[in-house]
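What follows is one structure encoded as structure tokens, with my remarks underneath.
When a residue number appears, it is its place in the shown sequence, counting from 1. Side chains included, hydrogens not; waters and symmetry mates left out as well; all remaining heavy atoms used.
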Amino acid sequence: MRVWPDRPERAAIGLGEWPRAAGGGWGRRRRESRLRAVHLRADARVPEAAPAAVPAAMNRFKVSKFRHTEARQPRREAWIGDIRAGTAPSCGNHIKASCSLIAFNSDHPGVLGIVPLESQGEDKRQVTHLGCHSDLVTDLDFSPFDDFLLATASADRTVKLWRLPLSGQALPSGPGLLLGPEDAQVEVLQFHPTADGVLLSAAGRAVKVWDATKQQPLTELATHGDLVQGAAWSRDGALLGTTCKDKQLRIFDPRAKPEAAQSTPAHENSRDGRLVWTGTQEYLVSTGFNQMREREVKLWDTRLFSAALTSLTLDTSPRSLVPLLDPDSGLLVLAGKGENQLYCYEAAPQQPALSPVTQCLLESVLRGAALVPRRALAVMGCEVLRVLQLSDTAIVPISYHVPRKTVEFHEDLFPDTAGCVPASDPHAWWAGSDQQVQRVSLHPARRAHPSFTSCLAPPAELTPATAQPAGTPVGDADPSEGFSSTPSSLTSPSTPSSLGPSLTSTSGIGTSPSQRSLQSLLGPSSKFRHAQGSVLHRDSHITNLKGLNLTTPGESDGFCANQLRVAVPLLSSGGQVAVLELRKPGRLPDTALPTLQNGVAVTDLAWDPFDPHRLAVAGEDARIRLWRVPPDGLQEVLTMPEAVLTGHTEKIYSLRFHPLAADVLASSSYDLTVRIWDLKVGAEQLRLQGHRDQIFGLAWSPDGQQLATVCKDGRLRIYEPRGSPEPLQEGPGPEGARGARVVWVCDGHYLLVSGFDSRSERQLLLYSAKALAGGPSAVLGLDVAPSTLLPSYDPDTGLVLLTGKGDTRVFLYELLPEAPFFLECNSFTSPDPHKGFILLPKTECDVREVEFARCLRLRQTSLEPVAFRLPRVRKEFFQDDVFPDTTVSWEPALSAEAWLGGANGTPRLLSLQPPGMTPVSQAPREAPARRAPSSVYLEEKSDQQKKEELLSAMVAKLGNREDPLPQDSFEGVDEDEWD
């Protein structure tokens, strides 16, 4: 920055080097007019102190002590590397720091990386991972008093508080406290600056102030006009400011009233508004966009809230700004997500001005940013600020230093700062206490070292972590399986809090001694916790779907598929069903497709598992039509079904084929009966009764001997169809009456029911099939959404996939027959809602890529396959721990006549091991390769050898300069051709 000795004001404004101030030019005459305007404004604000306004205006040109501040980027050796940061869109900063730890969003949804702030000696800092939530972590914050107390907010609509251990200790397996769930995903989270146990959260249009000690909200502020984008406490903790998508900046006094005390239009554009408070209660800074989509920064005075004191326009960019303000120094750092530049300003409210200080070009793209607490700065090195830049693969600490000649403590740069002992508790603060945190000196010789441990999540008896570091895989586990804590170790609001003993997977897989030792510390976890769902290449999609019927009843999956074809109901009249060939992906023609003409609206449809060419379709006329699709696909419109089943007197809900017997079909109807048909005879054989309201769902047991139903009358029933038409057992079902589904799990010993509770929250209930009357063994609350969760269960892995029509997320859980019953795995999230989601047969999976599930996702105009895979290191071996022998589901074990006569069958099993692949359980263990230290390698060569090798490498890299250039071979044209 240029400094003129005779014009010190140029040093404060930085003319010609920084973005313009709003409404200002750089001519001398305009500067003079602006000074007069400031003078007049000061007169208008403080009429009784008019004589003092002139010195205040003159202070604007006072040379700043931060004018020579420089940003220093460390060498790569000082970076915190070997990380994989997440880039999920949210209002949060994606990274936060205390005086001891750093927490950041990893690339696994719901998982945070934890790393020490300072390195211990020459050892490399190890990054451990904490599984926090079942969905994306949207915001996080460390307690200002307790370095090891972390709060996290998530798209799963909950807030959790975690007690992090000292270095070398195992991370917690569950949160210390849980707040929520909220009605929408929680976007903003912040601890109170003076009272321990008070924090605010913003979810959707609601902002709540919590007393975490009681896990209850102290108050809920008045509903905002749109999505809340930012919220922050004032420095003294008395006021609370919010930014909203409705473009309003609001100030609340939460202890006085829930309504906003003040409100004013902030920025003309509704995109990504944020705010931070300065060191005093009266002033705050907001960032946002103007009407021209330019990024701008505004300085506000809460006593004159109708207009900003001053504003600054940066540039035109779609990237949102992350404001980081140090209240003690007034330094403001503006970081743009997805950019590689940091702007630093000095916020001087008394002048008022936002004076530029310095800029910093980054070596990598910024994904998130955070300030290191002032108590952790290197004050003897004149480090006035430290920014942690989160990039894709590293955390880069960027230090801001003020050059000083003498190595001593400078009182003018480092005033006393807030200490780590809270001034009050939630009860005292809510009662009106405004006591402030005692300030402490940053002078190393006078600095006190008090420690404070919050009562919110008291430390447990911790033992040294026996798990290997995250980068050291055990056996054939993928590197990510070295996490000290995993997403599957989470507890839910409705999950039993006491974890059972260490468990292995229900698929019969053993664990190594080191894994069992880790389980004893952290509780059970699923081997599928790091499952990755991804949409396959577009070449495998079926596109240009038109006229889909998206109004099928809630009891129907909306479409059905087998290994060959997909049947999709169309919206056109006549109950038309399109049949698409999975082996022929691509764009469908614009002309009408050949269809099956049912004549009435379709309510449900299902493929025969033992005859891939037969499709059963239920209609609103209480009839079931059986269609036979030609082996080469549907080439023309079919109007005559192969058979029509009549017997029901009301509209049919759903169809379910028997899992073992051929030609056996079950159907439920509005006439409150379940009827079982012999398709070979074409007649009803059995009728089940006992329902008093609408039947939401039905399911055959894996052995085909029993049938379960869930009903709107709030009851869950199990029948033995061949024994009695009345239920064998009854038990309480979901409380909500909006819809439900049932499926048999854990080898037929349990029933999983998805439904709603009395507050319309979606939940999972797990029942023992032998004790329905006793109620569910476990209940898991998920979220609030209108659609019923459709469960798809894979008996080979014990995994259930759950999603609803219109959802964008697919939940994934491993089910256990013992506590904790539900082991959470990574979920799959899509950018747009799906209209249906079904599981394909196991034989469709690519086992060489460790693909354990293949699904089909129905969109508005396309059908796309989704593969769920497990990261493994040694994929050249057959992963027999993931792929046990599977049931041959396409071959019947007995006939309909035999089953109706009382016989039972056992399905045949099939190995999924491809030819030529060795099972990983039989693979030889590889000894870890030991690399010689680089110093040993260098000592073996002379200086002359090193020079020759370096020269040879440079020559090989540069290539032969005598080679002709590509343009040398271009042919020219004759001169007369130019005319």
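For H427, the ring-ring contact (aromatic ring centres under 6.0 Å, His included) criterion is met by no residue, not counting sequence neighbours. With sequence neighbours left out, D141 forms a side-chain contact (heavy atoms from CB on, under 4.5 Å) with K96, Q190, F191. Shown here are the ring-ring contact (aromatic ring centres under 6.0 Å, His included) partners of W233, two or more places apart in sequence or in another chain: H192, W429. S143 meets the side chain to side chain donor-acceptor pair (under 3.5 Å) test with no other residue; sequence neighbours excluded. Listed by chain and number, the residues in a salt bridge (charged side-chain N to carboxylate O under 4.0 Å, His left out) with E268 amount to none (sequence neighbours excluded). The salt bridge (charged side-chain N to carboxylate O under 4.0 Å, His left out) test applied to D434 returns R255, not counting sequence neighbours. With sequence neighbours excluded, no residue forms a side chain to side chain donor-acceptor pair (under 3.5 Å) with T453. Every residue was checked against the salt bridge (charged side-chain N to carboxylate O under 4.0 Å, His left out) condition with D196, not counting sequence neighbours, and none meets it. Residues meeting the salt bridge (charged side-chain N to carboxylate O under 4.0 Å, His left out) test with R439, sequence neighbours left out: D328.
Under 3.5 Å, the side chains of H401 and T69 contain no donor-acceptor pair of N or O atoms. For the residue pair E339 and S317, a side-chain donor N or O sits within less than 3.5 Å of a side-chain acceptor on the partner. Looking at Q229 and E187, their side chains never bring a donor and an acceptor atom within 3.5 Å of each other. Between the side chains of S454 and D146, not a single donor N or O lies within less than 3.5 Å of an accepting N or O. Looking at Q248 and S263, their side chains do bring a donor and an acceptor atom within 3.5 Å of each other. In summary, the side chains of R303 and Y283 do present a donor paired with an acceptor at a separation below 3.5 Å, with no hydrogens or angles considered. One side chain, S64 or E346, offers a donor N or O that lies under 3.5 Å from an acceptor on the other. A donor atom on one side chain and an acceptor atom on the other are found under 3.5 Å apart for D211 and T213.
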- Item | Test side chain to side chain contact (heavy atoms under 4.5 Å, CB included) applied to L200 and L189, step by step | CA-CA 6 Å; L200 71 87; L189 182 69; over 6 Å; no
- Message: Using the rule given for salt bridge (charged side-chain N to carboxylate O under 4.0 Å, His left out), can you reason through R386 versus E118, listing the C-alpha separation, both sets of side-chain angles and the distance that settles it, and then say yes or no?
- Response: CA-CA 13 Å; R386 191 189 307 169; E118 303 293 346; 3.1 Å; yes
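Pairs engaging residues 377-400 under the ring-ring contact (aromatic ring centres under 6.0 Å, His included) rule: none recorded [sequence neighbours left out]. The ring-ring contact (aromatic ring centres under 6.0 Å, His included) contacts involving residues 294-334 comprise W300-F305, where partners must be two or more places apart or lie in separate chains. For residues 318-327, the set of pairs meeting the salt bridge (Lys or Arg N to Asp or Glu O under 4.0 Å) definition, not counting sequence neighbours, comprises D326-R374.
Salt-bridge annotation for K65 and D412: absent, with no side-chain N of the basic residue lying under 4.0 Å from a carboxylate O of the acidic one. Comment: R72 engages E70 in a salt bridge, judged by a side-chain N to carboxylate O separation of less than 4.0 angstrom. Classification of R125 and D82 as a salt-bridged pair fails, no side-chain N sitting under 4.0 Å from a carboxylate O. Salt bridge annotation for R446-E411: present, with a cationic side-chain nitrogen under 4.0 angstrom from a carboxylate oxygen.
Looking only at side-chain heavy atoms (C-beta outward), I395 and I102 come within less than 4.5 Å of each other. Contact check for E296 versus K298: side-chain heavy atoms found under the 4.5 Å cut-off. Looking only at side-chain heavy atoms (C-beta outward), C382 and P403 stay at 4.5 Å or farther from each other.
Nearest heavy-atom pair across V437 and T194 is CG2-CA, 3.7 Å.
No side-chain donor-acceptor contact under 3.5 Å links N93 to the backbone of I95. At distances below 3.5 Å, at least one donor-acceptor pair connects side-chain atoms of Q262 with backbone N or O atoms of T302.
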